[in-house]
Structures are given as structure tokens and as C-alpha cells.
Protein chains: 2
Amino acid sequence: MAKERVTVIDIARAAGVSKSTVSLVLQGSSLVNEATRAKVNAAIRELGYVYNRSAANLRQSKSKIIGIVVNDLTNSFFAELAVGVDAVVQSAGFVQFLANTGEKIERQREVIASMREHGVSGLIISPARGTEASDLTPLVESGIPVVLVVRDIAGAGVSSLTSDNHAGAVAAVRHLIERGHRRIAFLGGFADTAVFESRVRGYRDALLEAGLGPQSELVIGSAPSRAGGVTAIEQAMMLKERPTAALCFNDAVAFGVCDGLRARRLEPGADFAVIGFDDVIEAKTAVPALTTVSVDPQGMGERAAELLLKQIKAGRAEPEAIVSSVRLVVRQSCGAAAERRMKEVSS
Amino acid sequence: MAKERVTVIDIARAAGVSKSTVSLVLQGSSLVNEATRAKVNAAIRELGYVYNRSAANLRQSKSKIIGIVVNDLTNSFFAELAVGVDAVVQSAGFVQFLANTGEKIERQREVIASMREHGVSGLIISPARGTEASDLTPLVESGIPVVLVVRDIAGAGVSSLTSDNHAGAVAAVRHLIERGHRRIAFLGGFADTAVFESRVRGYRDALLEAGLGPQSELVIGSAPSRAGGVTAIEQAMMLKERPTAALCFNDAVAFGVCDGLRARRLEPGADFAVIGFDDVIEAKTAVPALTTVSVDPQGMGERAAELLLKQIKAGRAEPEAIVSSVRLVVRQSCGAAAERRMKEVSS
DNA sequence: CTGTTAGCGCATTCAA
DNA sequence: TTGAATGCGCTAACAG
């Protein structure tokens, strides 16, 4: 079965035409007689020909490959992002080359290098934590279009697409205020990240807007994890003036907050309102009675891919910074019928 | 910035050596003088040379690419599987080419074709639902090593790596019997799949082994979803002799069963034992008090990749069918500290 | 519409 | 150890 590789020349011979005719057929050119095309296609099928992209890419010094590198494929947000990218990339006739860095800068360097070696025509990157502008300089100087997603990198000089964390936090806090809450905590997250900063700023702005002052003692950082949520809510409940609601840095924290509330015999959603940014955990597994602020990962992937394709077509476009809007979704409790109604509250 | 592509010849000139010397350096050959190597590497860095894989692949008519095609990247099981594959593939000096089919046969055909065109040296496939042996015939006849994961395809003539569903079900049912349960239901899933069949068979075998007869009325199929779980448990509770425990086709069903129980004021885990095969939903978001039967996706990916690499090295190995063992994990409820103790009950 | 010719960038002989 | 020549399979001119 270890057949010799069959090439255009073989199928040309079999179909009684020349190489270039075959090549034209392969590219779907309209300059070729219908009958000839059929003969060629028959031969292709007959001999089990498979097109050799390496040769084609070499010749044309370009490929139809889009690279996407994500920092944590284990997080289904990024898996869905990749699926979104794939959808548009595919329908544009490109193929996707997906790599996972697992938050490791060194690995990120390797995969980007590998992608360049494979001649990708564009790159979508969700950078690993700690990536600096200088890490991307050689890449952008090579002229390959790049769009950053999820996390922006100042000074990198490329397009980026990020969630509007500030607007999302504002919307969430407004939502709580409308429901009558006055003491609202911000729980979880490490204060040294840009994401944390913009979420807290949105939280503060919404409070100020409602004349509720900056309730600084209610901003309680912690690890952005379920365990972190537990410690944060415990700390919040130690205050003499307890909050009645919390906006959580992410959904993992929110889950932990729910755990902590239940430990105190409080029912999340009923006795205490909990909203979390939906960063980590897939929406479909969310706990009942939890409200999340979330951006649609697939939609984000699609937009990123569209932006990238535009740049690829334009040749050399100016980088655009795009801020994707964050939607606030109120997720109702799963009832006996396991139905889940979602209502969009804010853009 | 639209520099000309720099090639080996450029860096050869810059380093004052010949093309082939550069080529040797690139491949880390030991046949080259240390000083020369340094000069070459300096020139490479200087000129920003990037290796052209297309050219190399063309020349050597082989690539260092491993393809992995999964049926649903949105499902974090498969995302983690891919991460596991990536880990070993990477350390063997290959790069991974990941594609998602979204359970669509047509798309699967396309991505496999695309991978062949790119000259992958091996393929790991989690086939889309409905894939037939004939869909893989051209691929396996081409001599490319293939290993199937998760779902096997009879008659495909390739290696495969699947969970031991039968053993998993047996272990789960034994676990329930040990805890005193006598009426145990099997809930959810469509009866026309091989996976369903082997799980139910394991369930039956374990009941027979304990002298509990084939409780056929307790096998209740449904959609393998959360909603399906709700309807299945409702149907089970209509029986005059109600079950006291259930093994669920998957975790989504198990979640639905928990929903249905709560609607009847029954506490899952306390009033009614629920075990689910952990197919769909990431373990870290599992509901408390739910016991799952799960296989480690990353470990499975690693084993698949090792198997594939072995075949690639061997040139043309006989297909092996490998049955990966399924672990039964008892997951304790998340308490106030959000701790989760896991105990391995069975292999 | 079809055939001919000439490389794309690289790895690999074979000599030197 | 290094340099010169050859061709991997394909596409892009151009000539028929």
C-alpha cells in the first residue's frame, strides 16, 4: 500500500492533458473546458491524488493558514473562542492552526515561531500572562497581521479585541441598585491586573453615579478561584455593616461566594445577590440563582477572525483597537424542567 | 517593513559560508565547527531569518505535524484531550494541527483532507457521530498512521483508544450495591450507540453478579442532556417500585436527575444516590454530592499521542486496539472551605 | 483554451 | 569540514 506519491504530472498523463491544465482545475479556474475539467477530476479520484500544500505554499510564498494561539485551552472560554474563529476562517477558505501556551511565555514564543515557519498569513493571539510588547515586536515587524484578543498589550502596535470590563461592571452594579441593593461588595481578584482595575473602576463609577460613595472597605481581593471566593465572602461578612450583594471578579469566585453563603445558611440569589464575570466556567454549568456578566466567546472569535481577514486582504492595515461589548445576562434558576431563561439586561 | 524574505543563501553570504553549512547548523548537526555555528546563528538573528517549513517539507516529503481532529471542541473533555496530546507531541518535536468537526461528517472529511494535503505524519481522531469505516478507508490506505480515540469504529483497521465503559459501569454499580442499594436505575442515553450498549451491559452484569436480576424496567433512555435527565428521573419515580439510586448515561443526565430530584424535595446524594459518567461537563464544576465515573482526558490524549508516535517511528505498525481504564471517582460535597476530597474507589 | 519553461527555499548527494 | 549541483511538487508566466 505504500504507493508512490501521485503528483499533478501523473494525473496530467492519466487525463491526457498538461500539468498546468491540471493546476488550473485544482484552483477552480474558469479558463478550462468543462469536459476537460471532468476528465481531470475523474483522474484525480481514480489515482487518489492529494494536493501538496507544501509545494504550493513554497511556490506562491504564502499559505491559507490562520494561526490562533490561546493561553489556556483547558478553559472552555478559549475553546469556544477558537471554535468561533474557525467558523469564519473556514468559510473564507483558510485553515486554522491552533496552539495552546498554557500561560507559558516560552511556549508562546515557540508556537509563534513555529507558525511563522509554517507561513501563516495572520495570527490571533490571546497572550500568556506576562507577555510584553517586545515579545511581539519581531512578529509585527515581519508584517504578518496580528490581532490580540481578551488581553491587550500596550505598545504592541497591533489590533486588539477585548471585553468592555468597565461597562460590564457598571451594568452589573446598576442592575443590583435597581433591585434595591445599597451595600454592594466587589469580591475576588488580584489588584495588580488591568482587568481587575477596569472592573473595579466600573463598580466604583456605578456606585458614585447612584450617590452611594466609594465603599472602599467592600472591595476585597482574593485569589480568582473558588477557594478565593469563599475567603472573600467570609471576610465581607465580618464587617459590621454587611453587604447584601456582591459583584465577583469572575465566576469561579462567585461559585466560592455561593459556597460560603450556604455555609452560613444563606441562599445565594434569595438572601444575597451574587453576580460574577463569566471568565472561567462554561455558562451551561453555572449554578442556579447566579447572575453572570458575560461576553460570548464564539462571537468574539468570529469578530477577531473577521478583523484579521480584513487586514490580510488589505495587505497592511493600520492597527485598530476594538473594544467588544460585554453583555450582562441574567440567568434564572434551573427549575424542575431544567429550563433556563436568559434575559439580556444590558448591551 | 515589507522586507524581502531572507533565505539560507542570505545568511550563508552574511556568515561567509555556504548554504549547506547553514542547513547543517539549522538541523543541529555536529559536523560543524563551533565557531562557524556561532557565526551562522549570529547571522540568523541579525537578519531575522525564519525557517521555511514548506520548502523543507517539500524537499523531504514529510512533515513534523501531527493532526488531531475532535468532534466537539466546545466540550472541555476534548479540549483537555487535545492539551494532553499536545504535551507529548510537542516534546517529541512535532507540532499539533487541531481541528474541530462539530459532529459534522462533511466537515470531518474536509479537515482530514486538509491535513493530508499539509502532509501530517499521523492523525488522532475522535470521530464525528455517524462516521463509518469507509470514511476512513482512503486515509488508512495512504499509510498514514491513525489512532482513534473515545469512539471506536468497527472495521476501520486502525488503532483505537477508548474508555472501558463496561468496567466503569460495573464499578459504579458495585459501589452502589456496597452502600446498600438494591433498586438501581440506569438513566438517559440513546440505545442505538455502542457506548450506551457497553455501559448498560456493565450495569446489568454487576446486578447479575450480585443476584439482583435484570431490572429491565429500570433502564430508561432519554436524550443525553440535562433536560433528558429530568424526564428520565420523572419516569423512574412513576414506577410503583421506585429505585433508590441511579447510574446515569453521562454527567449532563446526572445533573438533570438532580434537578428532578430537588423538584420532588429529594436531596441528591442523601435521599437518592446519583452517579454519572463524566462525559460532557468539566469535573471542576460538578455539583456537590454527585459521584462521577470519569476518565482523565489529558491522560488519554497523552496515551493516544504516544501510541501514534510509536507507529510513526515503526513505519507501519499493526493496529492495536487499546482499552483505556476508566476510574471511578467519588467526589465529596464541597463544604464551606470549598474543599473537595477525591477518593479513588476502583481502577 | 492548452503546453512549455523556469524557479520557489530547502536538504542532500558528491567532491574537494 | 565545506561548496556546487540537483530536484521535491507546484504555479506563473508566456507561447502556441
Side-chain angles (χ1 to χ4, degrees), chain A residues 3-41 43-44 47-65 93 113-114 116-121 142, chain B residues 3-41 43-44 47-65 93 113-114 116-121 142:
Chain A
K3 329 171 155 170
E4 292 300 301
R5 211 179 199 320
V6 6
T7 79
V8 275
I9 219 165
D10 297 314
I11 87 109
R13 195 157 31 223
V17 298
S18 81
K19 290 202 303 183
S20 31
T21 306
V22 176
S23 186
L24 288 176
V25 173
L26 254 25
Q27 293 163 80
S29 165
S30 57
L31 316 168
V32 60
N33 192 312
E34 194 49 57
T36 318
R37 177 195 310 284
K39 249 192 324 194
V40 170
N41 282 325
I44 285 177
L47 304 189
Y49 169 73
V50 344
Y51 187 80
N52 185 328
R53 294 265 168 213
S54 291
N57 291 345
L58 173 58
R59 180 57 230 245
Q60 316 183 119
S61 60
K62 70 171 197 175
S63 80
K64 289 288 239 173
I65 302 179
S114 171
R116 289 184 67 187
E117 294 181 353
H118 282 281
V120 295
S121 30
S142 74
Chain B
K3 329 174 152 167
E4 293 299 304
R5 208 178 203 322
V6 9
T7 78
V8 274
I9 216 164
D10 297 313
I11 85 110
R13 193 156 32 221
V17 298
S18 80
K19 290 202 302 184
S20 30
T21 307
V22 177
S23 188
L24 289 176
V25 173
L26 254 25
Q27 291 161 84
S29 166
S30 56
L31 316 169
V32 58
N33 192 313
E34 194 49 58
T36 317
R37 178 195 309 284
K39 251 195 316 193
V40 170
N41 281 326
I44 286 178
L47 304 188
Y49 169 73
V50 342
Y51 187 81
N52 185 329
R53 296 264 167 212
S54 291
N57 291 345
L58 174 57
R59 177 58 228 249
Q60 318 183 119
S61 59
K62 73 175 192 163
S63 80
K64 289 288 239 174
I65 302 179
S114 172
R116 289 184 66 188
E117 293 181 354
H118 282 281
V120 295
S121 29
S142 74

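Below, each value reflects all heavy atoms present in this structure, side chains not excepted, and no hydrogens, waters or symmetry copies. Naming convention: chains lettered A, B, ... in sequence-line order (proteins, then strands); numbering from 1 in each chain.
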Rounded to the Å, how far apart are A:Lys19 NZ and D:dA13 C1'? 13 Å
How close or far is atom P of D:dG7 from atom NZ of B:Lys62, stated in whole angstroms? 22 Å
Is there a donor N/O on one and an acceptor N/O on the other, under 3.5 Å, for the side chain of A:Ser20 and the base of C:dT4? yes
Kindly say if A:Gln27 contacts the phosphate of D:dC10, meaning a side-chain N or O under 4.0 Å from OP1 or OP2. no
Would you say B:Thr21 places a side-chain N or O within less than 4.0 Å of OP1 or OP2 belonging to D:dG3? yes
Looking at B:Thr36, I'd like to know whether one of its side-chain N or O atoms comes within less than 4.0 Å of OP1 or OP2 on D:dT1. no
Report the distance from atom OG of B:Ser20 to atom CG of B:Leu26, rounding to the nearest 0.5 Å. 12.0 Å
Would you check if A:Asn57 and B:Leu58 make a side-chain contact, meaning some heavy-atom pair closer than 4.5 Å? no
Walking DNA chain D from its 5' end, the first of B:Asn33 and B:Ser61 to be reached, judged by nearest nucleotide, is B:Asn33
Using every non-hydrogen atom in the two residues, find where A:Lys19 and A:Ala12 come nearest and quote the distance to one decimal. N-CB, 3.8 Å
Is any side-chain heavy atom of B:Thr21 closer than 4.5 Å to a side-chain heavy atom of B:Ser18? yes
Starting at CG of A:Leu31 and ending at P of D:dT11, how long is that distance when rounded to a whole Å? 14 Å
Round to the nearest Å and state the distance from B:Arg59 atom CZ to D:dC10 atom P. 16 Å
Write down the distance between OH (B:Tyr51) and C1' (C:dC8), rounded to a whole number of angstrom. 15 Å
note: A:Asn57, atom CG; C:dC8, atom C1'; distance rounded to Å ~ 11 Å
Does B:Ile65 reach the side chain of A:His118, with side-chain heavy atoms less than 4.5 Å apart? yes
Whole angstroms only, please: what is the CD-P distance between B:Glu34 and D:dT2? 11 Å
Separation of C:dA6 P from A:Leu58 CG (nearest whole Å): 18 Å
Under 4.0 Å between a side-chain N or O of B:Ser18 and OP1 or OP2 of D:dG3? yes
Would you mind reporting whether B:Thr7 and B:Asp10 have side-chain heavy atoms less than 4.5 Å apart? yes
N or O in side chain of A:Ser23 less than 4.0 angstrom from D:dA12 OP1/OP2: no
Annotated structure of DNA chain D as dot-bracket, pair cut-off 3.5 Å, Watson-Crick or G-U only, | for inter-strand, is ||||||||||||||.|
Ignoring backbone atoms, test whether B:Gln60 places a side-chain nitrogen or oxygen under 4.0 Å from the OP1 or OP2 oxygen of C:dT12. yes
Which value, rounded to the nearest 0.5 Å, describes the distance between B:Arg53 atom CZ and A:Ser114 atom OG? 6.0 Å
